[in-house]
Amino acid sequence: MEEVAEMATEKFESLDEGKKKRILNAALQEFAENGFAQASTNRIVKEAGIGKGMLFYYFNNKKGLYQYLFDYSVKVIQNDFLARIDMHETDFIERMRQMARLKLQVMKDKPGVFNFMGTVMLTRESELPDDIKTRIEALEKLGYEKMYANVDTGLFRDDVGVEKAYKLIQWAIDGYQNEVKARLKGQKMTSIDLEPLWKEFYGYMDVMKTIFYKQGVDEA
C-alpha cells in the first residue's frame with residue numbers, strides 16, 4: 001500500500017507548478033479553516049479547479065492528503081524559515097525582528113502553511129496519529145531553540161525578569177501580526193507594499209528595547 005501511495009504522490013509532484021500550487025493552497029486553506037474532521041474534499045476540488053477523482057488519484061484518500069500537507073508544511077517551516085534564522089544574532093529583539101520578516105516571506109510565497117500548522121497544533125492529541133504528534137514535538141523543540149538559544153540576557157535590565165520579558169515581547173509581536181492580518185484581509189500579498197509595515201513594526205520593537213533593555217544598548 002505504501003508503494004501505491006508513493007506512486008500517486010509522485011504523480012502529483014510531476015504536475016506543473018501552477019496546478020500544484022492551486023491544489024496545495026486550496027487544501028491548506030480548507031484544513032486550516034475546518035480541521036481534518038470537517039474539511040471537505042468537495043470544496044477543495046472546487047477551489048482548485050480539478051475533478052475529485054484526480055485528487056484521490058494523487059493522494060488516495062483524505063487522510064493521505066492531510067499527511068502530505070503536514071509533511072510539506074514541516075519541510076517549508078524547517079527549510080524556508082527555521083534554517084534561515086541567523087543564530088549569530090544574540091540580541092533577542094533583533095532575532096525576533098528577523099524571524100517575523102522570514103515568517104512573512106514564507107506566508108507570501110507559500111500561503112496557508114502557518115495557518116494549517118496552527119490548526120494541526122491546536123487539534124486534540126487523541127485525534128492525531130502518533131507519528132504526527134512526535135514530529136510536532138520535535139518541530140516545537142527546534143523552534144524554541146532557534147528563538148532562545150545563544151541569546152545575550154545581559155542586554156536586559158537587571159530589574160526585569162528575562163523569561164517574562166521574552167513572553168511579553170513575543171505576545172507584542174504576535175498581536176501586531178494579527179492586527180496586520182486583519183488590516184490586509186482580502187488583499188493579495190503580491191500587491192502590498194510591506195516596507196511601511198516594516199518601519200512601523202521596527203518602531204514598536206524599538207519601544208520594546210526602551211522598556212526591557214539597559215540604557216545605552218545600541219539600537220539596530
Side-chain angles (χ1 to χ4, degrees), residues 32 35 70 73-110 112-184 194 196-220:
F70 179 80
S73 297
V74 168
K75 288 177 184 176
V76 168
I77 291 173
Q78 288 178 329
N79 299 332
D80 296 359
F81 178 49
L82 295 177
R84 295 174 61 193
I85 296 169
D86 180 8
M87 298 302 292
H88 294 99
E89 178 55 77
T90 59
D91 183 322
F92 180 72
I93 291 178
E94 290 304 314
R95 194 180 293 180
M96 292 301 97
R97 287 188 186 191
Q98 179 194 156
M99 291 177 71
R101 190 149 197 159
L102 286 170
K103 182 177 179 181
L104 187 59
Q105 186 61 53
V106 174
M107 292 174 71
K108 182 177 181 179
D109 295 340
K110 298 180 174 71
V113 166
F114 281 96
N115 290 337
F116 170 78
M117 287 300 293
T119 300
V120 172
M121 290 180 174
L122 290 174
T123 301
R124 288 183 298 181
E125 287 191 4
S126 60
E127 298 176 7
L128 292 172
D130 289 337
D131 63 322
I132 286 185
K133 285 189 288 186
T134 301
R135 293 180 65 190
I136 287 175
E137 290 170 0
L139 188 64
E140 288 179 328
K141 182 180 179 181
L142 179 59
Y144 284 128
E145 288 174 356
K146 292 287 187 176
M147 191 177 295
Y148 299 113
N150 198 35
V151 167
D152 182 2
T153 57
L155 297 175
F156 291 88
R157 286 168 32 195
D158 294 333
D159 60 341
V160 167
V162 175
E163 295 299 326
K164 289 182 178 179
Y166 286 159
K167 290 290 186 182
L168 289 168
I169 293 166
Q170 187 60 53
W171 289 340
I173 292 172
D174 290 343
Y176 179 77
Q177 289 178 335
N178 289 334
E179 180 185 323
V180 169
K181 282 183 183 178
R183 277 196 243 165
L184 302 181
L194 295 175
L197 295 175
W198 284 124
K199 288 181 180 178
E200 182 181 55
F201 174 66
Y202 290 161
Y204 286 126
M205 291 300 95
D206 288 338
V207 171
M208 293 291 103
K209 285 192 173 187
T210 301
I211 295 171
F212 295 111
Y213 281 8
K214 295 173 181 175
Q215 292 185 359
V217 174
D218 291 335
E219 294 185 355

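Index from 1, following the sequence.
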Charged N-O contact under 4.0 Å between Asp86 and Arg95: no

If you define the side chain from C-beta out and look only at heavy atoms, does anything of Asp109 sit under 4.5 Å from Val76? no

Verdict with supporting geometry, Ile85 and Met99, side chain to side chain contact (heavy atoms under 4.5 Å, CB included): CA-CA 7 Å; Ile85 296 169; Met99 291 177 71; 3.7 Å; yes

Sequence-distant partners of Phe156, ring-ring contact (aromatic ring centres under 6.0 Å, His included), two or more places apart: Tyr166, Tyr213

For Leu104 and Leu197, what are the C-alpha separation, side-chain angles and deciding distance, and is it a side chain to side chain contact (heavy atoms under 4.5 Å, CB included)? CA-CA 11 Å; Leu104 187 59; Leu197 295 175; 6.0 Å; no

How far does CD1 of Ile173 sit from CG of Leu168, to the nearest 0.5 angstrom? 11.5 Å

Roughly how far, to the nearest 0.5 Å, is the CD atom of Gln98 from the CG atom of Asp91? 11.0 Å

Taking the six-membered ring of Tyr202 as reference, does the cationic atom of Arg97 (NZ for Lys, CZ for Arg) lie under 6.0 Å from its centre and within 45° of its axis? yes

Below 4.5 Å, heavy atoms only, C-beta onward: do Arg101 and Phe201 meet side chain to side chain? no

CA sep, side-chain torsions, deciding dist, call: Lys75, Asp80, salt bridge (Lys or Arg N to Asp or Glu O under 4.0 Å): CA-CA 8 Å; Lys75 288 177 184 176; Asp80 296 359; over 6 Å; no

Pairs in or reaching into residues 140-158: which pass side-chain hydrogen bond (donor to acceptor under 3.5 Å, both in side chains), with residues at least two apart or in two chains? Arg157-Asp159

Quick one: ring-ring contact (aromatic ring centres under 6.0 Å, His included) partners of Tyr204, sequence neighbours excluded? Tyr176

Report yes if some heavy atom in the side chain of Asn115 is under 4.5 Å from a heavy atom in the side chain of Thr119; otherwise report no. no

Has the side chain of Lys110 got a donor or acceptor atom that lies under 3.5 Å from a matching backbone atom of Ser73? no

So, using side-chain hydrogen bond (donor to acceptor under 3.5 Å, both in side chains) as the criterion, who are the partners of Glu163 when residues are at least two apart? none

Verdict with supporting geometry, Met96 and Met208, side chain to side chain contact (heavy atoms under 4.5 Å, CB included): CA-CA 11 Å; Met96 292 301 97; Met208 293 291 103; over 6 Å; no

side-chain hydrogen bond (donor to acceptor under 3.5 Å, both in side chains) against Asn79, all qualifying residues, sequence neighbours excluded: none

Atom of Phe81, atom of Ile77 and distance for their closest heavy-atom approach: CB-O, 3.1 Å

Should Lys164 and Val160 count as side-chain neighbours, where that means a heavy-atom distance under 4.5 Å? no

In Å, rounded to the nearest 0.5 Å, how long is the span from NZ of Lys209 to CZ of Phe92? 12.5 Å

In Å, rounded to the nearest 0.5 Å, how long is the span from CD1 of Ile132 to CE of Met121? 11.0 Å

May I have the step-by-step check of side chain to side chain contact (heavy atoms under 4.5 Å, CB included) for Phe114 and Val106, ending in yes or no? CA-CA 9 Å; Phe114 281 96; Val106 174; 3.7 Å; yes

Rounded to the nearest 0.5 Å, what separation is found between the CG atom of Leu155 and the OG1 atom of Thr90? 6.5 Å

Looking at Lys214 and Gly154, what are the two nearest heavy atoms and their distance? NZ-O, 3.1 Å

How long is the straight-line distance from CE of Met205 back to CD1 of Ile169, given to the nearest 0.5 Å? 7.5 Å

Can you name the salt bridge (Lys or Arg N to Asp or Glu O under 4.0 Å) partners of Lys103, sequence neighbours left out? none

